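Residue numbering restarts at 1 for every chain, and letters A, B, ... go by the order of the sequence lines. None of these values were measured; they are calculated from a predicted model. Because only heavy atoms are used, hydrogens play no part in the values below, and waters and symmetry mates are left out as well, while side chains stay in.
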Amino acid sequence: MAAPKVAFLLLNLISILPLLVSSFSPDRPTDRRILVVLDDLSLKSSHSLFFSSLKSRGFDLDFKLADDPAIAVKRYGQYMYDGLILLSPSTERFGGSLDVEGVLDFVDSGHDLIVSADANASDLIRNIAAECGVDFDEDPSAVIVDHSSYAVSETEGDHTLIAADDFIQSDVILGNKKIEATVLFKGIGHSLNPANSMVLKALSASPSSYSTNPSSKLSSQPPSLYGTAISLVSVVQARNAARIMISGSLDMFSNRLFRAGVQKSGSLNKYEKSGNEQFITELSKWIFHERGHLKAVNLRHNKVGESEEPSMYRINDDLEFSVEIFEWSGSSWVPHVSKDVQVQFYMMSPYVLKTLSTNGKGLYHTSFKVPDVYGVFQFKVEYQKLGYTSLSLSKQIPVRPFKHNEYERFITTAFPYYGASFSMMAGFFIFSGVYLYNK
Amino acid sequence: MAAQETSQSATFRHAFGNVLSFTVLLLIGVMAFSIRLFSVIKYESVIHEFDPYFNYRVTQFLTKSGVYDFWNWFDDRTWYPLGRVIGGTVYPGLTLTAGTLWRILNSINIPLSVETVCVFTAPVFSAFASWATYLLTKEIKGAGAGLTAAALLAMVPSYISRSVAGSYDNEAVAIFALIFTFYLYIKTLNTGSLFYATLNAIAYFYMVCSWGGYTFIINLIPMHVLLCIVTGRYSPRLYIAYAPLVVLGTLLAALVPVVGFNAVMTSEHFASFLVFIIIHVVALVYYIKGILTPQMFKVAVTLVVSVGMVLCVAVLAVLIALVASSPTKGWSGRSLSLLDPTYASKYIPIIASVSEHQPPTWPSYFMDINVLAFLVPAGIIACFLPLSDASSFAVLYIVTSVYFSGVMVRLMLVLAPAACIMSGIALSEAFDVLTRSIKFHLVGTTQNPQDNARDATKVNQNDVKSEKSEDTVKERPSRKSKKKDKENIEKPSLVSRVEKRLLVLPLETSVMAVFLLVLLGAFYVVHCVWAAAEAYSAPSIVLTSRSHDGLHVFDDFREAYAWLSHNTEVDDKVSKSKRSDSFALKTPTDVSGISFIASTHYPLILFEVLNLAVLGLVQRNKLIGLLAAAILVQVASWWDYGYQTTAMANRTVIVDNNTWNNTHIATVGTAMSSPEKAAWDIFNSLDVKYVLVVFGGLVGYPSDDINKFLWMVRIGGGVFPHIKEPDYLRDGQYRIDSQATPTMLNSLMYKLSYFRFVETDGRGYDRVRNTEIGKKHFKLTHFEEVFTTHHWMVRIYKLKSPKNRIRGKTKRSKSKSGTSTSSKRSTRKKNPWQ
């Protein structure tokens with residue numbers, strides 16, 4: 001009983017969401033195996049809080065050293081993992097068959113990635129980041145220094161431990177709960193190409209920060225990265241909905257900074273616990289698709305008053321359109337409720353653009369009149385919102401003109417003409433009769 | 001006219017003559033049919049070219065779905081995403097004819113396929129056309145001229161080029177309709193019978209259904225009527241021949257959806273209405289003249305003329321104002337280019353790009369009508385001896401058609417029947433004179449001329465004609481000069497015979513002349529057979545070339561289409577959903593059966609398709625056909641492939657041969673002329689998935705897309721001004737070598753054509769342009785090559801999907817060996833002056 005239903009659902013998804021199903025198990029986008037690549041096995045204990053939070057959420061972690069010769073994400077053409085966490089900033093080369101291309105293919109086939117760089121990050125990590133649209137400071141020994149919003153600590157004058165609180169404004173990415181405490185960050189910064197719309201600054205640096213080598217003297221020229229252009233943590237959502245997180249600091253995942261109290265310089269608020277745990281946990285939830293993953297199913301349309309989906313509409317038909325949109329909550333699909341889902345009736349440009357109304361149970365619907373233009377139209381739902389996977393549905397439907405017998409047979413305004421022609425006919429008949437037989 | 005002979009022996013001779021001419025006509029019909037079968041015998045029984053393929057597809061739809069569905073047919077597979085209302089935009093005559101033939105044949109249990117019927121429609125109708133020519137010429141100059149003209153028309157190359165078996169195009173039936181309409185007009189003119197006038201209107205309706213060339217009829221006949229009126233030949237017969245045609249013909253023409261209100265609203269038809277008014281005025285004048293005394297008549301004339309002039313001027317002013325207020329002055333582009341031959345090339349590249357619409361060259365006259373070109377002047381002279389209503393019509397026909405053929409190569413087809421009629425008259429008259437001279441010398445002068453002429457009939461078949469023509473000649477003038485009675489026939493005929501007897505030539509000259517004329521005819525026959533066999537019968541499915549090491553066959557187009565049909569998605573989502581509905585209840589075995597049918601059916605469809613050169617775009621299921629080939633008469637314009645691809649691969653096309661939407665074609669032209677990125681954007685917005693280009697550079701196939709590229713630039717530039725033709729020309733020259741402009745070298749067309757070309761011979765030598773290409777090593781970023789045929793004639797590219805990720809700006813460091821080198825590099829990069 002249930003099997004055919006699932007199969008049907010699957011079929012629907014395959015037909016409607018090729019974008020999404022190419023990368024995820026359509027039913028359960030989360031609950032997967034994750035490969036964690038480490039520089040040093042000591043990280044396993046020094047960052048155990050982060051790992052245990054993942055484990056507690058049901059992830060199956062597989063730890064490998066970066067130079068482990070058996071390291072591989074793919075076997076016989078199948079990916080063995082659904083996510084990859086690279087906490088190996090100094091690795092120049094992975095042990096096994098994995099390389100930059102391998103990691104990128106892993107992402108391009110729809111899997112998620114968390115990359116952490118650090119001071120003296122290797123070219124390997126930099127290349128992976130660059131391929132994802134993130135440019136680390138080219139000076140390998142540069143770190144982020146901020147003389148105004150550093151975290152107050154024991155060592156006076158060390159302003160490389162930054163207290164950052166400029167988060168991305170998105171409940172989807174960072175969760176509903178506001179992150180009160182500042183986040184401690186120690187590492188390198190990166191910049192993003194402003195033209196790249198897929199990469200987002202999850203955590204930006206303050207205006208007074210800059211990137212420099214702390215051991216060298218400041219040169220006269222300005223540092224290559226400074227101010228709010230610096231991103232500390234960035235997230236990428238690729239077109240195939242693979243999500244990537246790139247951080248410039250390995251320490252921010254560590255137990256030490258998770259637990260550390262924080263006081264931002266110049267601020268009186270002192271937090272017992274830094275915001276790192278909340279920030280990292282919420283972000284990893286988003287990265288691993290526990291939040292913000294949408295699916296659209298049951299795209300339907302029909303004429304008003306009918307239930308069958310026609311193969312073709314006629315101009316000026318009234319039609320009803322509906323689609324169901326659900327969001328993955330981490331354990332089940334829940335209705336996605338939003339007031340800004342729109343449908344376009346599109347032929348080279350949208351002829352109709354309607355905002356769909358929802359019943360709160362995932363069903364979005366509207367009705368409209370087919371425009372007075374024939375052609376091959378598409379129902380298009382393009383739903384792209386910050387943090388959500390983008391929905392891009394289209395369904396093609398031809399619209400035909402009136403058939404020759406569908407026009408009005410008699411037009412009221414033309415009655416004088418009908419009268420004229422019929423009286424003419426009658427007159428001609430009478431005239432012929434008179435002319436022929438009245439000699 | 002046989003009925004008019006009175007003597008008994010003459011009756012017998014006439015019966016014999018009738019049987020003989022019937023046999024000759026039958027043989028002419030057989031010849032007209034069989035000379036067009038070379039294409040079937042030498043190749044195979046297939047539909048040719050581009051438009052025929054569309055017509056075939058429409059006919060298939062008609063036979064499957066019936067007339068009403070055909071009338072209402074909205075085709076969503078062509079012109080994506082606009083679609084096309086086929087029923088309202090197609091001339092249905094040909095399709096309905098073939099559909100009816102098929103239905104009749106099936107109803108009498110002759111199970112021919114639709115395709116077979118379509119293939120043989122044109123030959124059958126060319127037999128009809130030669131019979132119609134016989135009838136028309138017989139009305140003009142007698143049966144002898146008629147038979148000669150019919151024989152000439154049966155094999156005139158110009159007509160063969162459009163009516164070989166498989167050439168299933170509008171012209172195939174339209175030429176018959178044209179000649180037959182003219183015949184009925186002349187017949188009405190000669191008899192004054194309302195019956196023939198009605199038939200004439202119906203024939204005209206058939207012509208309107210069949211071909212846009214009907215405007216030629218509706219302008220030529222008014223011209224002739226006007227000519228008759230001006231030369232004082234107005235008669236009630238003229239009125240009966242003309243007035244019903246205009247009224248009924250216009251009403252009937254308006255019934256054809258594609259014409260509709262154009263029949264009363266475009267300038268092409270105005271001449272007929274103007275002449276319609278004039279003929280009524282003239283008729284009224286004649287009537288009033290009959291009932292009034294001469295003085296009264298003069299008074300009336302001055303009164304009416306003064307009032308009439310004022311009215312006419314007013315009406316004319318209104319008309320001119322109406323016409324002038326429309327942007328194209330009420331004339332469609334094609335018609336304007338007839339009047340001003342430079343109009344199209346100046347303003348409408350889309351019309352000018354079709355080589356059919358170019359003016360012909362002198363050799364094409366010789367190729368298409370051969371010796372007829374020399375006989376036509378003689379025929380015109382013969383028409384003036386004496387001039388009748390009918391022969392003046394023939395003269396007018398030949399003069400106008402010569403002019404139009406000089407404007408557009410395509411209208412050579414209209415010239416051909418006129419030339420045949422004229423040549424038939426000329427030959428027949430010449431044989432008439434010559435054989436009579438020979439007879440005169442051989443038999444001696446003792447016998448009376450009438451017997452002379454009679455004896456001549458037995459000498460050979462030509463004499464039958466000559467005798468007939470003689471009869472007509474003597475009959476016509478009597479009719480024209482004296483409209484009222486037919487009693488005085490004998491008298492003028494005797495006069496004309498006496499005159500003719502004076503035209504006796506010396507025996508040797510006559511024999512020589514007859515010999516030379518026969519030789520001329522023989523040359524004509526040889527040329528026609530050659531043209532039919534060699535020049536016009538190739539279905540252009542496969543290209544062949546002969547070289548010293550034998551025959552080479554280029555089957556690249558079918559190869560490419562086969563690839564497409566197997567490797568691209570066949571159906572839309574819409575059709576898919578339909579299909580799954582209809583198959584939902586079937587078992588898996590049924591489904592496999594269906595796929596079996598599909599797989600056996602596909603190659604069939606594919607093999608029916610013929611291609612010259614394609615530049616097309618297939619999207620999900622959408623294929624654009626684009627190309628501009630120019631090969632003698634058979635011409636493809638660059639949207640021509642759309643018809644084939646829809647019919648063949650069952651895929652939606654973006655543009656096809658029906659040129660109703662210039663903007664849409666220009667969009668595609670613009671994409672081809674743009675750099676890769678811009679082109680990708682355009683194609684993506686049209687949901688295009690695959691791009692096809694035809695490339696002849698490897699094997700030297702001249703009508704490839706690079707050679708047609710300038711037309712794409714022009715058409716694109718006509719709508720999108722950022723595409724400028726001079727950007728693609730270096731000093732006014734079109735070149736693709738190292739001197740070519742950067743715009744040219746970066747255009748999508750160039751890149752798709754020459755991608756990886758250098759790998760073939762190491763230096764990229766283009767055998768069509770005979771030059772080395774300008775840009776040899778380059779990569780495609782937004783397109784990927786998916787298929788290239790054996791001879792590289794068709795290359796298929798796929799649009800790459802947008803990148804999954806967007807790269808950062810950092811250069812990828814190649815070395816992975818150690819940090820030291822890379823860090824050195826990066827520091828160096830940062831401070832290059834240190």
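A:H190 and A:F136 have perpendicular rings, their planes meeting at more than 60° on a 0 to 90° scale where under 30° would count as parallel. A tilted orientation is assigned to the rings of A:F379 and A:F345, their planes being inclined by 30° to 60°. The aromatic rings of A:F106 and A:H111 lie parallel to each other, their planes meeting at an angle below 30°, with 60° marking the opposite boundary.
Among A:N193, A:V399, A:V236, A:D108, the residue making the largest number of heavy-atom pairs under 4.5 Å with chain B is A:D108.
In this structure, no portion of B:P257 lies under 4.5 Å from any heavy atom of chain A. In this structure, chain B has heavy atoms under 4.5 Å from both the backbone and the side chain of A:V107.
Checked by atom type and distance alone, the side chain of A:R243 never pairs as donor or acceptor with a backbone atom of A:V235 at under 3.5 Å.
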